[in-house]
Amino acid sequence: MTRFESPDFLRLDDLLAEEERLARDSVRDFVSREFLPLIQEYVRQDGAFPMQLVPRMAELGLFGANLTGYGCAGMNNVAYGLVMQELERGDSGLRSFASVQGGLVMYPIHTYGSETQKERWLPQLSSGRAIGCFGLTEPDFGSHASGLRTRAEKKGTKWVLNGSKRWITNGSVADVAIVWARTEDGLRGFLVERGLRGFEARDIKGKFSLRASITSELFLSDVEVSEESLLPGVSGMKGPLSCLTQARYGIAWGALGAAMACYDEVLRYAKERVVQGGPLAAKQIAQQRLVFMLTEITKGQLLALRVGRLKDQGELHHSMVSMAKMNNVDVALRIAREARDMLGANGIVDDYASMRHMMNLETVRTYEGTHDIHTLILGEHITGMRAL
Ligand SMILES: Cc1cc2nc3c(=O)[nH]c(=O)nc-3n(C[C@H](O)[C@H](O)[C@H](O)COP(=O)(O)OP(=O)(O)OC[C@H]3O[C@@H](n4cnc5c(N)ncnc54)[C@H](O)[C@@H]3O)c2cc1C
């Protein structure tokens with residue numbers, strides 16, 4: 001099998017350290033050899049993930065890859081970003097699995113957890129022996145999660161949780177859920193284990209997007225957890241928002257991976273497909289579209305790389321991540337739509353990847369802060385005024 005070569009018009013590979021390229025290439029091979037042969041089968045199911053790959057993903061260090069200690073790979077943030085890019089070249093569902101496990105579950109335990117929580121959960125989560133999910137969104141509160149209604153009340157030495165969460169990736173397969181709930185002292189995070197009385201997860205079916213990913217609702221009815229289940233190190237929206245910054249950073253790279261897959265697919269196709277006596281690739285409109293794709297991928301790569309380097313230097317502002325997530329998902333979706341169009345009728349069947357990526361990217365545009373919400377974050381950053 002010939003190895004996938006990502007577009008690198010401005011020779012950004014020259015700016016990468018050897019270990020960054022190696023991390024990317026090992027995940028690239030995993031995706032080509034072990035994931036892509038399975039994707040069609042899983043997309044044809046309705047919300048299923050190839051769980052048999054979890055141990056292999058763990059072996060590659062994909063869970064909490066940019067965290068240190070507790071069995072985590074300790075990659076820098078550029079290597080981590082490149083890994084996310086490669087995973088999403090496979091499928092946004094594959095990247096989502098790693099993003100949730102690492103950025104939304106392991107990160108808050110690593111950053112805000114007690115030593116006991118870290119020692120109990122992080123080695124299990126990094127090795128894939130435990131799966132986690134992140135419960136912030138509720139049926140009535142998505143973009144404006146600060147209004148959430150799930151409550152946790154202190155009763156003696158226990159906390160009692162009531163409420164529901166919706167659109168939770170991996171909810172029904174998670175051994176532990178990070179549940180964000182309102183308390184007398186503001187918003188707090190709780191580690192809620194699978195199997196507790198009153199805690200139930202139900203999968204959401206009929207998704208056109210992220211079909212190879214499990215998305216669930218969580219129901220909490222008088223669920224009792226101990227004091228040790230509370231994340232001690234954070235309160236207020238800073239907790240979930242700081243996790244989201246981690247995951248959004250990975251998405252900024254990941255979306256480029258999906259765009260690269262579409263560009264690669266349609267470039268090959270256009271060279272071979274004959275229309276009106278010649279290759280599609282020799283038509284002016286086709287070339288204009290391919291040029292648009294390569295230009296936007298290249299600009300996106302520069303954006304992601306710079307944001308990654310700033311993150312490694314500890315100089316990242318969350319508004320930079322907003323720009324990278326917003327822009328790179330937006331261009332990836334436009335590239336996927338163009339690629340699907342250039343594939344003609346063939347583009348609507350799942351022998352080709354572009355439409356699958358296009359449908360996935362609709363979710364990626366919505367979750368982890370919608371395109372509008374990131375626009376508003378940047379608007380406030382520029383003007384100092386919160387738009388109503
Ligand atoms: C497949 C999938 C997986 C997900 N996984 C998770 C998960 O693991 N954990 C989790 O907690 N959540 C998860 N989510 C939820 C996701 O984060 C929310 O869907 C997202 O935050 C948007 O919220 P909403 O769907 O309620 O849309 P809404 O907030 O209702 O937004 C609807 C529309 O209104 C726009 N809008 C909102 N506010 C404004 C405003 N002030 N001005 C202008 N326009 C505005 C939005 O941009 C959007 O276009 C997932 C979602 C999906 C689809």
Side-chain angles (χ1 to χ4, degrees), residues 42-43 46-49 88 91-108 125 131-150 163-174 176-182 187 189-190 192 201-220 237 239-248 250-251 254-255 258 322 325-326 329-330 333 356-380 385-388:
Y42 279 85
V43 165
D46 189 359
F49 182 81
E88 199 146 358
D91 192 79
S92 300
L94 180 63
R95 199 267 310 135
S96 294
F97 195 102
S99 284
V100 170
Q101 182 90 344
L104 297 180
V105 178
M106 295 171 68
Y107 173 82
L125 290 160
I131 306 298
C133 71
F134 177 86
L136 178 66
T137 306
E138 299 187 353
D140 295 329
F141 297 94
S143 300
H144 305 284
S146 56
L148 64 80
R149 293 201 187 106
T150 297
S164 65
K165 300 285 175 183
R166 189 165 163 83
W167 305 111
I168 307 306
T169 302
N170 283 345
S172 64
V173 290
V176 62
I178 307 272
V179 173
W180 298 96
R182 195 174 286 290
L187 193 74
F190 294 86
V192 181
R202 270 183 238 147
D203 286 345
I204 298 171
K205 296 291 179 188
K207 291 179 297 167
F208 286 121
S209 181
L210 278 196
R211 288 182 63 80
S213 174
I214 295 162
T215 315
S216 318
E217 288 182 277
L218 305 181
F219 300 94
L220 300 117
M237 280 303 286
L241 288 180
S242 62
C243 302
L244 291 172
T245 300
Q246 303 304 311
R248 290 165 177 175
I251 292 173
S322 282
K325 192 270 184 185
M326 179 188 76
V329 175
D330 187 55
L333 181 54
R356 170 168 57 79
H357 285 297
M358 183 189 94
M359 294 191 299
N360 284 340
L361 287 162
E362 293 289 350
T363 284
V364 182
R365 189 177 164 93
T366 289
Y367 74 8
E368 304 276 354
T370 68
H371 186 85
D372 298 330
I373 292 301
H374 289 296
T375 304
L376 293 171
I377 291 170
L378 283 159
E380 183 179 353
M385 294 175 213
R386 177 163 290 195
L388 296 173

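Every number for a ligand or one of its atoms is a count from 1 in the order of the listing.
- Of the protein's heavy atoms, Thr366 CG2, 3.8 Å lies nearest to atom 19 (O) of ligand 1.
- Once rounded to the nearest 0.5 Å, the distance linking CG of Leu148 with CE of Met237 reads 7.0 Å.
- There is no protein heavy atom less than 4.0 angstrom from atom 30 (O) of ligand 1.
- Taking CH2 of Trp167 as the reference point, atom OG1 of Thr215 lies at 7.5 Å (rounded to 0.5 Å).
- Distance check on atom 39 (C) of ligand 1: some protein heavy atom falls below the 4.0 Å cut-off.
- Thr169 and Tyr367 are not linked by any side-chain donor-acceptor pair at a separation below 3.5 angstrom, with hydrogens and angles left out of the test.
- Ligand 1 does not have Leu104 within reach: every non-hydrogen atom of the residue lies 4.0 Å or more from it.
- Note: Leu361 CG to Ser92 OG = 5.0 Å, rounded to the nearest 0.5 Å.
- Within a 4.0 Å radius of atom 34 (O) of ligand 1, the protein has no heavy atom.
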Item checked: Asp46 vs Lys207, salt bridge (charged side-chain N to carboxylate O under 4.0 Å, His left out): CA-CA, chis, key distance, verdict -> CA-CA 7 Å; Asp46 189 359; Lys207 291 179 297 167; over 6 Å; no
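- Geometrically, Arg149 does not engage Phe141 in a cation-pi contact, judged by NZ or CZ lying under 6.0 Å from the ring centre and within 45° of the ring axis.
- Protein heavy atom closest to atom 9 (N) of ligand 1, with residue, atom name and distance, is Phe134 O, 2.8 Å.
- Comparing heavy-atom distances from atom 42 (N) of ligand 1 across Asp372, Asn170, Ile168, Leu376 singles out Leu376 as nearest.
- A salt bridge links Glu380 with Arg386: the distance from a Lys NZ or Arg NE/NH1/NH2 to an Asp or Glu carboxylate oxygen falls below 4.0 Å.
- In the vicinity of Ile373, heavy-atom distances shorter than 4.0 Å reach the ligand 1 atoms 38 (N).
- Rounding to the nearest 0.5 Å gives a distance of 5.5 Å between OG of Ser99 and CD1 of Ile251.
- With distances taken over non-hydrogen atoms, the option nearest atom 17 (O) of ligand 1 out of Ile204, Leu136, Thr137 is Thr137.
- The single protein non-hydrogen atom nearest to atom 3 (C) of ligand 1 is Thr169 OG1, 3.4 Å, given as residue, atom name and distance.
- Going from atom CG of Leu378 over to atom CE of Met326 covers 5.0 Å, rounded to the nearest 0.5 Å.
- Each of the following atoms of ligand 1 lies closer than 4.0 Å to a heavy atom of Glu368: 17 (O).
- Close approach of ligand 1 to Tyr367 is summarised as follows: ligand atoms under 4.0 Å from at least one heavy atom of the residue are 2 (C), 3 (C), 4 (C), 16 (C), 17 (O), 50 (C), 51 (C).
- Here's the thing with Lys207: none of its N/O atoms is less than 3.5 angstrom from an N/O atom of ligand 1.
- In this structure, a donor-acceptor pair under 3.5 Å is present between the side chains of Glu138 and Thr150.
- When Gly171, Ser143, Gly142 are checked for heavy-atom proximity to atom 28 (P) of ligand 1, Ser143 turns out nearest.
- Within the listing of ligand 1, atoms 22 (C), 46 (C), 47 (O) sit less than 4.0 angstrom from a heavy atom of Thr370.
- Using a 4.0 Å cut-off between heavy atoms, Leu210 contacts ligand 1 through its side chain alone, with no backbone atom that close.
- Residue contact check: His144 has heavy atoms under 4.0 Å from atoms 37 (C), 38 (N), 39 (C), 41 (N) of ligand 1.
- Among all non-hydrogen protein atoms, the one lying nearest atom 13 (C) of ligand 1 is Trp167 O, 2.7 Å.
- Annotation: Thr363 places no N or O atom under 3.5 Å from an N or O atom of ligand 1; distance criterion only.
- The shortest non-hydrogen separation linking Asn360 to Leu210 is OD1-N, 2.8 Å.
- Residue Ile377 holds its CD1 atom at 11.0 Å from CG of Asp372, rounded to the nearest 0.5 Å.
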